[in-house]
Structures are given as C-alpha cells and as structure tokens.
2 protein chains.
Amino acid sequence: MPTIKDVALKAGVSATTVSRVLNNRGYLSEELKHKVHQAMEELNYRPNELARSLSRSKSNIIGLIIPHVSLPFFGELTSHIEEHAYREGYKLLLCNSWQDKQKEQEYIHMLRASRVDGIIMGSHTLEVEAYRQMNLPLVTFDRQISPDIPYVCSDNYEGGKLATTLLIQKGCRHLAHIGGHPKLNILSHLRCVAFEDMAKQHNLEYVTLHTDNNSFDFEAYEQLLGQLFAEHPEVDGIFAGSDIIAAYALKACRTRGRRVPEDVKIVGYDGIMLRSLLDPPITTIRQPMEAIGKLAVDLILQQVQGHSVAAAHILPVELEEGATT
Amino acid sequence: MPTIKDVALKAGVSATTVSRVLNNRGYLSEELKHKVHQAMEELNYRPNELARSLSRSKSNIIGLIIPHVSLPFFGELTSHIEEHAYREGYKLLLCNSWQDKQKEQEYIHMLRASRVDGIIMGSHTLEVEAYRQMNLPLVTFDRQISPDIPYVCSDNYEGGKLATTLLIQKGCRHLAHIGGHPKLNILSHLRCVAFEDMAKQHNLEYVTLHTDNNSFDFEAYEQLLGQLFAEHPEVDGIFAGSDIIAAYALKACRTRGRRVPEDVKIVGYDGIMLRSLLDPPITTIRQPMEAIGKLAVDLILQQVQGHSVAAAHILPVELEEGATT
DNA sequence: TTGTACGCGTTATCAT
DNA sequence: ATGATAACGCGTACAA
C-alpha cells in the first residue's frame with residue numbers, strides 16, 4: 001500500500017504538504033492541490049486510518065455492545081446506529097455480549113484497548129463501578145446506571161399505560177403481563193409498573209409473569225405462556241413486553257383454541273418491522289427506533305466534543321393498532 | 001491513558017522489556033514478569049491496539065458488509081461471524097450496504113483505509129473489477145465473483161431440489177417459486193433452477209416470480225403474492241426463496257381463505273430462528289448458518305496467514321418439516 | 001537476559 | 001506558502 005511519502009515523492013512535494021491537502025489545512029494553491037490529488041489517484045492512495053488515529057488520539061470508532069444482533073429489536077437498532085454513525089464519519093465495532101457478564105467485561109476492555117471514542121451499551125449486567133472505571137463517553141439503553149451516565153429509552157411508563165388502557169377499554173377484565181426479568185434499574189420494567197398501576201386503578205385482576213433470566217430465551221417464552229394459560233385460564237387481555245413475546249402469545253392462543261381478539265386481546269411492545277409478517281398483525285407500542293439510534297450516536301459525539309449532556313433522554317412512543325385488539 | 005513507558009518506569013525496566021512480557025517473547029524471569037504485570041495492574045494499563053496495529057501492519061479487524069443486519073438471516077449470520085471472529089482475537093467492523101452500489105464502494109474504501117485484515121461480503125452489487133482492485137483477503141456469500149475469490153454458500157441446488165421434491169411428493173400439482181432477483185452469478189438462484197428442473201422432470205406446471213430489485217422490500221413480497229394468487233389461483237405448492245417470503249405466503253393464503261397445508265403447501269429457505277414464532281411452523285430448508293459464519297471467518301484467517309484457499313465452499317442443507325406441508 | 005535505536009504512517013509544531 | 005522535525009505508542013533488529 002502506498003504511503004503519504006510515495007504520494008509526496010510522485011507529486012514532487014513534502015509529506016507535510018500532502019497531509020495539508022488531505023486535511024484542507026492552511027493555504028494551498030489550486031495547482032498544488034491538483035498535483036497532489038492526481039498523484040493520489042494514480043497511486044490509488046488511501047490514508048492509513050490507523051496512523052491517523054494514533055497521531056490524533058482519536059479513532060472515529062464507536063463500540064456497540066448488545067445482547068444479540070440477531071434479535072429483531074437489536075438488529076434494527078444496530079442498523080440505525082450504524083447508519084447515523086457512518087453519516088458522521090464514524091465506524092462501528094460490533095459486540096454481542098449474549099447478556100453474559102464476563103463477555104461484557106471483556107468487550108469493554110477490548111474496546112478501550114482499541115481506543116474507541118465511545119461506547120453504546122444495550123447490554124447491562126455489570127455493576128456501576130465497572131462502567132465508571134472505563135472513563136469513556138458512554139450511552140446506555142433502557143438503563144439508568146448512575147446519575148451522570150446518559151441513557152436513552154422510550155417512554156416505557158407511557159407505553160405500558162397506553163397498552164393497558166387499550167386492553168381495558170376494549171373490555172378485558174382479566175389482565176396479564178409477560179416481560180423480561182425486572183432487574184434493578186432496568187427502565188423497561190416501568191412498562192410492568194404502568195400495567196399494574198392501570199389494573200389497580202380500574203380494580204381489575206391481573207397477573208404478571210417474567211422470565212427469570214436475561215437470556216431472551218425463546219423457549220422460556222413458550223413455557224411462560226403455557227404456565228399462564230394453565231394457571232389463569234380466565235385471562236382475556238395480555239400485554240407482552242415485546243413483539244416477540246406477543247407473537248408467542250398469539251401462537252399460544254391459537255394452539256389452545258382461544259380466538260384473538262374475540263376471546264383474548266394482545267398488545268406487544270417495540271414495533272419491530274417483522275411484525276408485518278405476523279397474521280393477524282399485532283397491536284403494539286412503537287418505539288422510535290431510528291430516533292433512539294440517532295440520539296445514542298449524537299450523545300456519544302457530543303461527549304467526544306467535550307460537551308456535557310443531560311442524563312435522561314426519554315422518547316415518545318406510539319400506539320399502533322393491529323388486529324389483535 | 002498510561003503507555004508502555006509508564007509501565008516501564010513503574011516496574012523499573014525498559015519499554016522493550018514490557019513489550020516482551022506483553023507478547024511473551026524471549027526469555028523472561030518469573031520475577032520480572034511478575035513485576036511488570038503488577039505495574040500494569042496498578043496503572044490499569046491496556047496496550048494501545050492502534051499503535052500495535054500500526055507497528056505490526058495488522059489490525060486484527062475483519063470488515064463485514066451485508067445488506068441489512070436487521071434482516072433475520074443476516075442478523076443471525078452476523079452474530080455467528082462476530083462470535084467466531086472474537087474467539088480468534090478479531091474484531092468486527094459492521095457495514096450495512098442497503099444493497100446500494102455506492103455505499104458498498106464507499107465501505108470498501110473505508111475498510112481498506114482502516115487496514116482491516118480481510119472483508120466478508122454478503123452484499124454484492126459491484127463489478128468483478130471493483131473486488132479485485134481491493135487486493136485484500138476476501139470471502140463472499142452466495143456469489144461466485146471470479147474463480148480466485150473464495151465463496152461460502154449453502155447447497156442451493158440441493159435445497160431447491162429437496163423443497164420441490166417434497167411439494168411434489170405431498171401431492172402438489174401447480175407449483176410456484178418466489179425468490180429474489182436472479183442477478184448473474186448469484187448462487188441462490190440455483191434454488192430456482194433446481195425448482196424448475198424438478199417441475200419439468202415431473203411434467204408439472206410451474207411459475208416463477210421474483211422481485212425486480214435487490215432491496216429485500218417487504219412490500220414487494222406482498223405484492224408479488226397478490227399477483228401470484230390473482231394470475232395463478234390454481235397454485236397449490238409454493239417454494240419460497242426465504243423464510244420471510246414463506247411467512248408472507250402463509251399470510252397471503254390465510255387472507256384469501258386458502259388453508260395451509262390442505263389447499264396450499266409452503267416450503268421456505270434459511271431456517272431462521274424466528275420461524276418458531278410463526279403459526280403454523282413453516283417447513284424449511286435449513287442452512288447451517290453457524291458453520292457458514294465460522295467458515296467465512298476461517299477463510300479470511302487462512303488468507304491472512306498467506307495460505308491459498310479453495311474457491312468453492314458449499315455446505316449441506318437440511319430439510320426441516322414444519323406444518324405447512 | 002535486558003536495553004538502544006529505529007520504523008510503522010500520520011499529524012502538529014516550528015521554521016523558513 | 002512549504003518543508004524539516006518531533007511526536008503518537010508499540011514492536012523488533014541489533015547490540016551488549
């Protein structure tokens with residue numbers, strides 16, 4: 001691969017000048033620019049980003065740690081993050097933590113060693129101290145780690161409220177919520193809290209079930225739904241913590257001969273694109289994923305530029321009615 | 001951030017010695033090792049990978065270019081690739097090309113500039129020349145670019161054969177295939193070829209439809225299915241080019257009152273995990289995604305090590321019967 | 001067994 | 001306006 005020196009030699013100038021042309025610094029005659037650009041063309045020269053990063057102490061890389069890219073929600077989020085990062089001249093280093101404590105820690109070390117400019121965390125199994133120690137621009141999803149670490153999330157409480165209210169309005173009297181593990185500080189647990197608040201407020205019976213781990217295990221969802229229908233056959237309204245869970249709920253209803261929405265109504269959460277291939281289309285609470293992804297990137301960039309940013313970034317959700325309510 | 005010099009100073013040795021400890025080169029007394037390690041601990045030192053990469057002319061980064069991570073197939077593949085790359089000490093730089101020619105080209109430039117050690121391409125809109133020019137270890141999916149560029153794919157022909165044969169065995173007499181655009185050299189088109197071969201061999205009527213672009217447009221699938229049922233109401237067996245398309249076929253059947261599998265039978269392709277939330281579970285041709293991901297990474301690593309690798313890597317598929325046949 | 005000196009490719013500082 | 005020189009942090013001959 002040709003270096004800046006090769007270009008300099010070919011153009012008959014010094015490496016410094018080539019660097020100036022490259023970065024548009026200082027005063028450069030058009031003729032000189034042209035000469036240098038031509039030499040670059042001829043050599044098919046690309047500046048070595050590793051050397052640039054080292055010299056500038058800035059890699060223009062953002063690290064992304066999420067449980068699994070293969071999950072629709074994270075896949076879509078990743079897509080948006082990558083899109084905006086690229087637009088801003090940043091690259092994305094992808095890390096699947098599998099929601100595993102050790103992997104998460106190793107990835108953090110690795111990203112620090114790679115001198116990424118910031119980390120977007122969609123996976124959180126570690127203690128607060130582990131996050132503070134890394135001393136890097138950071139943004140998290142759906143988790144408030146400490147007052148000084150910015151987080152982005154959808155309006156989980158409002159979403160839970162919208163979903164539950166809809167079920168009640170449509171005549172459901174025996175409500176159920178199925179969600180992930182209510183780990184401390186996981187903001188998505190607010191969906192569950194809103195659900196319970198609404199149910200109580202209307203004096204309705206309700207049950208809440210949740211997976212006992214963070215592994216996003218599909219089989220666990222199936223089991224949970226089996227348990228729900230076995231123990232609470234009277235349930236006629238389900239608020240699922242994600243569209244995936246809602247899809248399993250739909251399947252479970254059909255398996256057991258419960259008609260949807262006549263006998264049981266279902267509302268999901270997220271608004272993943274793949275819901276369009278479900279039949280009937282599920283009613284859901286849509287998160288503004290693109291905005292979330294863009295904001296996460298922007299919050300990193302602002303920190304990189306030395307600005308301090310607010311901690312809470314709660315984005316509005318939207319009820320999208322399908323045919324399961 | 002502390003540098004190797006800080007560690008050297010603290011441990012009372014030279015930077016060279018620290019580097020030796022870091023890389024386990026040469027003869028080092030246990031005592032010395034211990035001393036250095038301790039200094040590293042105390043300073044929370046992490047070697048700067050940028051500097052290492054520059055010095056060694058090796059970044060330990062693999063670039064991955066795919067159309068969309070948010071599509072289940074690519075999401076799962078990405079997950080496996082990341083997993084194996086990480087295990088081998090490599091990082092993954094993610095690029096969503098949106099199947100866009102210009103983005104793809106820009107990403108290739110960007111990855112070259114970043115001095116990635118190799119590129120895994122799951123997106124291909126460019127001409128052969130563009131690939132040759134990059135002069136980097138390369139592996140592609142489902143596309144034979146030129147005889148010297150290794151590719152990995154599932155046994156597309158065999159998969160198409162299995163799917164079609166099953167439909168025929170189950171009594172289908174009017175077959176249809178819906179797949180992506182049959183662009184030159186796209187190996188997945190072999191699924192379609194096998195379909196046609198089998199249909200002809202059994203003297204059965206058949207139609208093949210395909211999207212007219214590469215955009216993986218969900219709406220296009222819906223339209224295509226509408227067209228299929230409008231123009232060919234007699235169709236009783238559908239071989240879909242992907243599980244996503246199969247899901248839309250299922251939905252289209254239900255919308256039109258066609259019972260599955262009684263009136264129409266459906267077979268998909270890929271074997272994405274999310275098919276488990278479809279109801280009924282679709283019959284599909286499962287690609288060994290994990291093996292594909294691992295092989296792609298290994299083929300890059302072998303090239304990095306200077307070994308030449310075979311061009312064709314065709315992995316076996318498996319018929320997995322669900323309830324749509 | 002350990003240290004010195006130089007190179008990796010680029011940017012920044014200081015001259016000219 | 002342009003060039004020489006020193007850094008950025010690390011690896012590696014070569015020397016001792």
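Here is the naming used below: chain letters follow the sequence lines, and residue numbers restart at 1 for every chain.
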Are OP1 or OP2 of dT11(C) and a side-chain N or O of Ser19(A) less than 4.0 angstrom apart? yes
Within the structure shown, what part of the strands sits under 4.0 Å from [X] by heavy-atom distance: base, sugar-phosphate, or nothing?
X: Thr16(B); value: base
X: Val18(B); value: nothing
X: Arg20(A); value: base
X: Leu50(A); value: nothing

Quick one: which of [options] gets closest to the side chain of [X]?
X: Leu28(B); options: dG11(D), dT2(C), dT4(C); answer: dT2(C)
X: Thr17(A); options: dG9(C), dG3(D), dC10(D); answer: dG3(D)
X: Ser55(B); options: dT2(C), dT10(C), dG7(C); answer: dG7(C)

Quickly work out the [X] [atom1] to [N] [atom2] distance and round it to whole Å.
X: Leu22(B); N: dG11(D); atom1: CG; atom2: C1'; result: 10 Å
X: Ile4(A); N: dG3(D); atom1: CD1; atom2: C1'; result: 13 Å
X: Asn48(A); N: dC8(D); atom1: CG; atom2: C1'; result: 13 Å
X: Met1(B); N: dC10(D); atom1: CE; atom2: P; result: 11 Å
X: Lys58(B); N: dC10(D); atom1: NZ; atom2: P; result: 18 Å
X: Arg52(A); N: dA12(C); atom1: CZ; atom2: P; result: 10 Å
X: Arg115(A); N: dT10(C); atom1: CZ; atom2: P; result: 20 Å
X: Arg46(B); N: dC8(D); atom1: CZ; atom2: P; result: 22 Å

Specify the closest pair of heavy atoms between Ile61(B) and Tyr90(B), including all atoms of both residues, with the distance to one decimal. N-CD2, 3.9 Å
Distance only, no hydrogens: is a donor on one side chain within 3.5 Å (strictly under) of an acceptor on the other, for Gln287(A) and Ser154(A)? yes
Given that Ser29(B) and Arg25(A) both sit by DNA chain C, which one's nearest nucleotide is further toward the 5' end? Ser29(B)
On DNA chain C, does the nearest nucleotide to Arg56(B) precede the nearest nucleotide to Val13(B) from the 5' side, or the other way round? Give the residue. Val13(B)
Inspect the surroundings of CD in Gln102(A) and state if more than 12 heavy atoms from other residues, nucleotides or ligands are less than 6.0 Å away. no
Expected output: side-chain Glu49(A) to main-chain Arg115(B) donor-acceptor under 3.5 Å: no
Donor-acceptor pair, His34(A) side chain versus Glu30(A) backbone, under 3.5 Å? no
